[in-house]
Each structure stands twice: as C-alpha cells, then as structure tokens.
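Numbering of ligands and ligand atoms starts at 1, following listing order.
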Amino acid sequence: MKIFIDTANLDQIKKAHELGIVDGVTTNPTLMNKESGKSAEDIVLSIVNLVQGPVSVEVIGRTAEEMTKEARKWFAMNPEHIVIKIPMCTEGLKAISMLHEENIPCNCTLIFSVNQGLLAAKAGARYVSPFVGRLDDIGHDGMKLVEELVDCIDYYEFDTEIIAASIRHPLHAKQAALVGAHIATIPLQVIEKMIQHPLTKKGIEDFEKDWAEFKKTSK
Ligand code: E4P
C-alpha cells in the first residue's frame, strides 16, 4: 500500500518525508486554509519540489468548464506530479472525462458509495478517494466501502487506484492495508501513532538499562 500524507503543511510533509514512507500528498481547500499567509501556488510548488510524487490539488469551480480551466492551470505548473482533485458530482464527472482526454490525472474526491466510485473510474479518474472517517461519523462502515471499491476496481481492471481517505486513527490505516487499498492518505499525527507501540518503548528502555549495567561490569 502506498502512503500519501494528507496535509498542505510543509513542515509536516518534511517530517514524514524524512521517514522515507511518503509516496505522495493530498491537499484540499480546508487543509490549504490552515496555511495562511502563503500563496496557493507557492504552497503546492514547495510540496511538489520536496516530495517528487503525486500531489493532489483541489479545484473549487462548480461547472466542468470552471473546473477544467483551473485544472489546466495547476497541471501546467508541474505536469509530472500534479494531480487534480475533482469533487464527485455531475459537472465533476464531465470535467474528469475531459481532463482524461488531455492526459491530466484526476483524483475524484468526496466518494461515499460504490456507485460514485465506479462512475468516477469509468469517467477516467486516476484515483478515487472514499472518505472513511466521515462515513464512520454518521454510523456507516467507511472501510467496507474501501474494500468494495478495491474489489470492483480490481475485478474490472480499471486503471484507477483507490485512496482510503479521511483516515482518523492507526486502526483505519491497518484496515486500509488489510482490505487492499492501493493507497491510504494519512495525517502526520496518525503516522506518528503508527510508529509507536508500548512494548517497543519498554524494550528500548530495558535494552538501554541492561547495556549500561553490562558496561559497568564488563572488562
Ligand atoms: C482526502 O483527500 C481528504 O483531504 C481528507 O482525507 C479528508 O479528511 P477529513 O474527513 O479528515 O477532512
């Protein structure tokens, strides 16, 4: 499973990138809004230069024409790495289909059903992002959607990857891996929790203590 980091914060991306586990980045308007004082272009270009992998940038237009116009502008900034995030809706599907014709990769976002994901893949989305945490929040099984979408996409051999998104805790990350999500996009605070285990911490402390005792008596 590839790991993307779900943030527009360069410091957080740097921290995860140093671990050697980051394959890409997803941003959205809410995440961009946390990075006040910088231009959107500067934020995105800094991320792309650091990560050198797919970086999803979301359009805000409501019509296919507005979306594709924004998409072309973003894509031109770095055709190798920029992916256009398009919300699931009628105009979004039209935009994905048009951008697919132009070989501009899209990440169809705000996916909450298999049918939405299937339509996005058929329209030519390179990535489809089911939102696990937001489904769990309303009493649905978000990870079941990821599992069903992976089955559907793999069964029909779409050239599309499923990104388990809206990941809230380490259990989500583990479940995404076990159901075969192609990618999980994970916030830094969850990645940091994935590293930790109380027995690992205790093991390191015990080894350190025992080594110090050994050094006192060794020749
Ligand atoms: C995905 O690409 C989105 O940016 C993100 O995962 C949304 O997560 P949230 O539900 O925690 O806002």
Side-chain angles (χ1 to χ4, degrees), residues 1-13 16-17 21-36 40 43-44 47-48 51 53-61 67 70-71 74-75 81-89 92-93 95-96 99 104-114 116-117 120-121 123 125-147 149-150 153 160-177 179 181-194:
M1 182 174 75
K2 283 178 260 186
I3 293 181
F4 289 2
I5 181 165
D6 196 26
T7 182
N9 183 282
L10 199 63
D11 290 336
Q12 292 188 14
I13 296 168
H17 188 252
I21 51 100
V22 171
D23 299 297
V25 179
T26 52
T27 68
N28 65 37
T30 305
L31 295 171
M32 294 288 282
N33 190 32
K34 293 181 182 165
E35 307 308 307
S36 55
I43 294 170
V44 170
I47 296 172
V48 168
V51 173
V55 175
S56 290
V57 186
E58 192 154 343
V59 296
I60 46 119
M67 290 181 199
E70 280 177 67
W74 281 117
F75 184 70
H81 297 306
I82 287 187
V83 173
I84 309 303
K85 228 178 184 189
I86 307 264
M88 178 66 203
C89 58
L93 285 175
I96 290 167
L99 294 169
I104 297 181
C106 294
N107 171 358
C108 189
T109 190
L110 291 166
I111 295 289
F112 294 98
S113 73
V114 172
Q116 288 182 323
R126 179 74 192 78
Y127 304 96
V128 165
S129 293
F131 275 37
V132 176
R134 292 193 197 187
L135 274 172
D136 289 359
D137 287 345
I138 58 160
H140 290 240
D141 184 350
M143 202 53 70
K144 187 73 191 160
L145 172 60
V146 174
E147 185 178 6
L149 272 170
V150 168
I153 290 310
T160 300
E161 289 180 283
I162 300 300
I163 305 180
S166 188
I167 295 288
R168 299 276 170 78
H169 45 68
L171 182 59
H172 275 158
K174 170 187 154 181
Q175 290 169 330
V179 301
H182 306 110
I183 301 160
T185 188
I186 311 178
L188 180 65
Q189 62 270 30
V190 177
I191 294 173
E192 284 171 339
K193 286 182 190 162
M194 288 165 70

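The list of salt bridge (Lys or Arg N to Asp or Glu O under 4.0 Å) pairs with a residue in residues 127-138, not counting sequence neighbours, reads D137-R168.
Interatomic distance, CG of N107 versus CD of E161, reported as 10.5 Å (0.5 Å rounding). The CD1 atom of I5 sits 6.0 Å away from atom CD1 of I13, with the distance rounded to the nearest 0.5 Å. For the atom pair L135 CG and F112 CZ, the distance stands at 5.5 Å (nearest 0.5 Å).
Here the closest non-hydrogen pair linking T26 and L31 is O-CD1, 3.9 Å. Closest of all the heavy-atom pairs between A164 and V132 is CB-CG2, 4.5 Å.
When only interatomic distances are considered, the shortest N/O to N/O separation between R134 and ligand 1 falls below 3.5 Å. Residue S129 has no N or O atom closer than 3.5 Å to an N or O atom of ligand 1. Between S166 and ligand 1, at least one pair of N/O atoms sits closer than 3.5 Å. Ligand 1 has a nitrogen or oxygen under 3.5 angstrom from a nitrogen or oxygen of D6.
Note on ligand 1: E58 sits outside its first shell, no heavy atom being nearer than 4.0 Å.
When hydrogens are left out, the protein atom nearest atom 7 (C) of ligand 1 is F131 CE2, 3.5 Å; that is the closest non-hydrogen contact. Counting protein heavy atoms only, atom 2 (O) of ligand 1 is closest to K85 NZ, 2.6 Å.
No more than 12 heavy-atom neighbours from other residues, nucleotides or ligands sit within 6.0 angstrom of CD1 on I60.
Set against the non-hydrogen atoms of T26, the atoms of ligand 1 under 4.0 Å away are 2 (O). Below 4.0 Å from some heavy atom of R168 lie the following atoms of ligand 1, by number and element: 10 (O), 11 (O).
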